[in-house]
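In what follows, every heavy atom counts, from backbone to side chain, and hydrogens, waters and symmetry copies are set aside. Chain letters run A, B, ... following the sequence lines, proteins first and then strands; every chain starts at 1. Nothing here was measured: the structure is a model prediction, and the numbers come from that model.
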2 protein chains.
Amino acid sequence: MSQVAPDANPARQQLARLFSPIEKELVRVERRLRRELRSEYSRIDDLVRHAFRMGGKRLRPALVLLAAKAVGEVNRSHIVLSTVVEMIHTATLIHDDVLDEAELRRYEPTANARWDNEVSVLLGDYLFTHSFYLASTLGSTFACRTIGRTTNIVCEGELRQTRASGDLTIGEDEYFRIIDAKTAELCACCCQLGAHYAGASSEVETALADYGRQLGIAFQIADDLLDLVGDEVTVGKSLGTDLEKCKPTLPLIRLLSQVPGDSRGEVSALLGDGESSRQALAQRLAQSGAIDYARDKALQHARAARDRLTVLPDSLARETLDRLTHFVVAREL
Amino acid sequence: MSQVAPDANPARQQLARLFSPIEKELVRVERRLRRELRSEYSRIDDLVRHAFRMGGKRLRPALVLLAAKAVGEVNRSHIVLSTVVEMIHTATLIHDDVLDEAELRRYEPTANARWDNEVSVLLGDYLFTHSFYLASTLGSTFACRTIGRTTNIVCEGELRQTRASGDLTIGEDEYFRIIDAKTAELCACCCQLGAHYAGASSEVETALADYGRQLGIAFQIADDLLDLVGDEVTVGKSLGTDLEKCKPTLPLIRLLSQVPGDSRGEVSALLGDGESSRQALAQRLAQSGAIDYARDKALQHARAARDRLTVLPDSLARETLDRLTHFVVAREL
């Protein structure tokens with residue numbers, strides 16, 4: 001499936017090259033993250049450093065910085081905001097891990113499982129609250145309001161997704177509303193803040209927020225596709241977990257909407273029913289055209305994101321934002 | 001042990017009487033909580049309503065309101081701030097439940113255990129982020145900064161406590177630093193915000209913040225004592241869990257500091273080693289005077305809290321704050 005050499009984190013290497021126009025600024029963000037999360041208590045310091053070693057791809061800080069550069073200059077506020085959004089993203093990753101660890105433990109219980117869970121929940125909370133404090137050190141309540149509202153929508157999206165797990169009556173509309181909330185909202189927020197704090201007009205601020213939202217939707221569809229058709233070595237994480245958890249993602253929703261009513265039971269019976277059933281389901285998803293349908297949707301949203309960039313003057317930052325729309329949907333190739 | 005009739009939640013009934021001077025304002029807070037946490041998604045609405053049915057004693061909103069009334073008038077900001085601090089407290093309670101449920105499940109695994117954990121982590125996050133958003137709707141960044149810093153200190157305190165569990169070398173100083181962070185900080189913040197948004201002078205604001213801090217310390221020592229010597233029917237929750245979890249609280253720290261070095265191993269061997277060993281330990285804590293020592297410390301901090309009220313003019317609110325210092329340490333009697 002993958003045409004990328006299966007070396008360590010090829011996606012990260014590609015992203016690092018893509019982000020070279022903001023390399024210096026990303027270094028400042030990295031330094032700020034380290035400074036903010038230094039604790040005088042060595043046992044907490046260890047935890048936080050661990051969180052950042054396993055941290056994200058720095059996509060969200062990059063969106064803040066690129067939006068700022070596409071509009072004007074990167075300033076001190078952008079470094080703070082980039083640090084804030086990365087902390088928020090890391091907090092959500094850590095809390096996701098609590099949930100995932102819980103499942104892994106069903107098969108292999110570890111002695112210190114409870115201790116890990118406890119620390120992970122509290123560490124995520126520590127990052128959330130620190131990010132809010134940091135946002136409040138900027139001059140006005142604009143960043144606090146925007147970030148507060150956004151993170152609340154992200155959590156609501158995650159809650160809705162959790163409660164939708166196993167519900168095969170979920171339609172395409174609900175799927176899009178969930179990924180809009182849990183993924184696209186924070187990307188939109190990053191671009192909006194980057195533009196706002198670079199002095200963008202409200203027209204440009206809105207266009208960049210829309211860019212972020214469409215990019216986020218394309219990214220999440222592609223991510224869900226990766227879970228079905230990706231290569232574990234390339235992607236670097238366990239795949240196939242969505243089917244295992246009966247999480248309704250776009251290809252499955254599409255397949256279920258296409259099969260006649262009386263065959264739906266047959267499809268859903270394949271879910272969560274062992275490895276061989278899941279393989280049969282994956283094959284059915286591919287043959288029915290549901291995979292291609294989802295890939296096409298991802299491409300449509302990537303294109304919609306690109307279209308929003310036309311309000312911006314030509315610049316290396318704008319070009320990078322453009323290339324990013326190709327990157328997020330090409331990941332599974 | 002208890003001189004209070006073992007009917008449903010006697011402590012809550014006492015508190016309700018104590019809070020009668022702010023009864024109307026507490027009703028407004030209750031209404032605001034309900035309004036803020038209404039979700040258009042019925043499945044999330046259910047969860048949030050459940051969180052508030054099992055919610056706290058509304059001690060923290062009461063501190064905001066009483067501090068405001070002791071200084072001047074309760075205004076719209078105080079209702080918002082009371083709502084914010086109760087949401088934060090509920091979020092920490094829900095995340096504590098995740099950790100506690102995890103342990104309960106060790107003895108009695110339930111089918112939907114994982115689902116509950118997932119929902120609890122996300123629901124706590126949802127409340128945290130909503131509270132930050134709500135704080136940002138006030139005019140300035142003051143509330144955001146104060147609340148952001150405070151909640152971060154609370155989380156750091158909880159993390160330090162978690163990491164201190166089972167560490168019997170923890171001294172009295174570290175115990176006080178931990179309860180100062182995990183409990184007293186939010187009480188101080190409530191009183192400070194109440195005073196600040198009622199237009200208090202900085203002297204009065206500081207005095208009320210100190211009152212809240214001392215009250216919080218007294219409250220936490222008394223709460224830790226309840227876990228050792230309280231009556232389950234009166235208190236309405238499982239007790240004895242601190243010893244079971246090898247959590248070093250003040251009486252145990254005191255006992256360990258008093259016994260000769262070569263007897264410490266003998267004391268610590270009694271921890272987490274079944275019900276009969278724990279009973280032997282409880283007896284030893286009482287006989288050594290360690291329980292009385294801790295009770296005396298709680299009374300000292302309650303007195304220190306009262307002393308800070310002298311900057312205020314006489315009022316029913318000031319009298320209520322005074323009576324509250326007696327209430328928090330009398331709970332175990």
How long is the straight-line distance from [atom2] of [Y] back to [atom1] of [X], given to the nearest 0.5 Å?
X	Y	atom1	atom2	value
A:E156	B:T129	CD	OG1	9.0 Å
B:T146	A:Y133	OG1	OH	9.0 Å
A:D125	B:H95	CG	NE2	5.0 Å

Original post:
Heavy-atom distance under 4.5 Å to chain A: side chain of B:T92, backbone, both or neither?
Top reply: neither

Subject >> Under 4.5 Å from any heavy atom of chain A - which part of B:I88 >> reply: neither

**OP:** Return the option, out of B:A135, B:C144, B:G124, B:S136, with the maximum number of heavy-atom pairs under 4.5 Å with chain A.
**Re:** B:S136

**OP:** Output the option from B:R149, B:H130, B:R160 having the highest count of non-hydrogen pairs under 4.5 Å with chain A.
**Re:** B:R160

Original post:
Where do B:L122 and A:C155 come nearest, in terms of heavy atoms and distance?
Top reply: O-CB, 4.5 Å

**OP:** Would you check if the side chain of B:N152 reaches a backbone N or O of A:Y126 as a donor-acceptor pair within less than 3.5 Å?
**Re:** yes

Original post:
At a heavy-atom separation under 4.5 Å, does A:L138 approach chain B through its side chain, its backbone, both, or neither?
Top reply: backbone

Original post:
Quick one: what part of A:S131 sits under 4.5 Å from any heavy atom of chain B, side chain, backbone, both or neither?
Top reply: neither

**OP:** Could you tell me whether A:F132 and B:F132 have their ring centroids closer than 6.0 angstrom?
**Re:** yes

Original post:
Based on non-hydrogen pairs under 4.5 Å, which of A:T141, A:I153, A:V154 is most in contact with chain B?
Top reply: A:T141

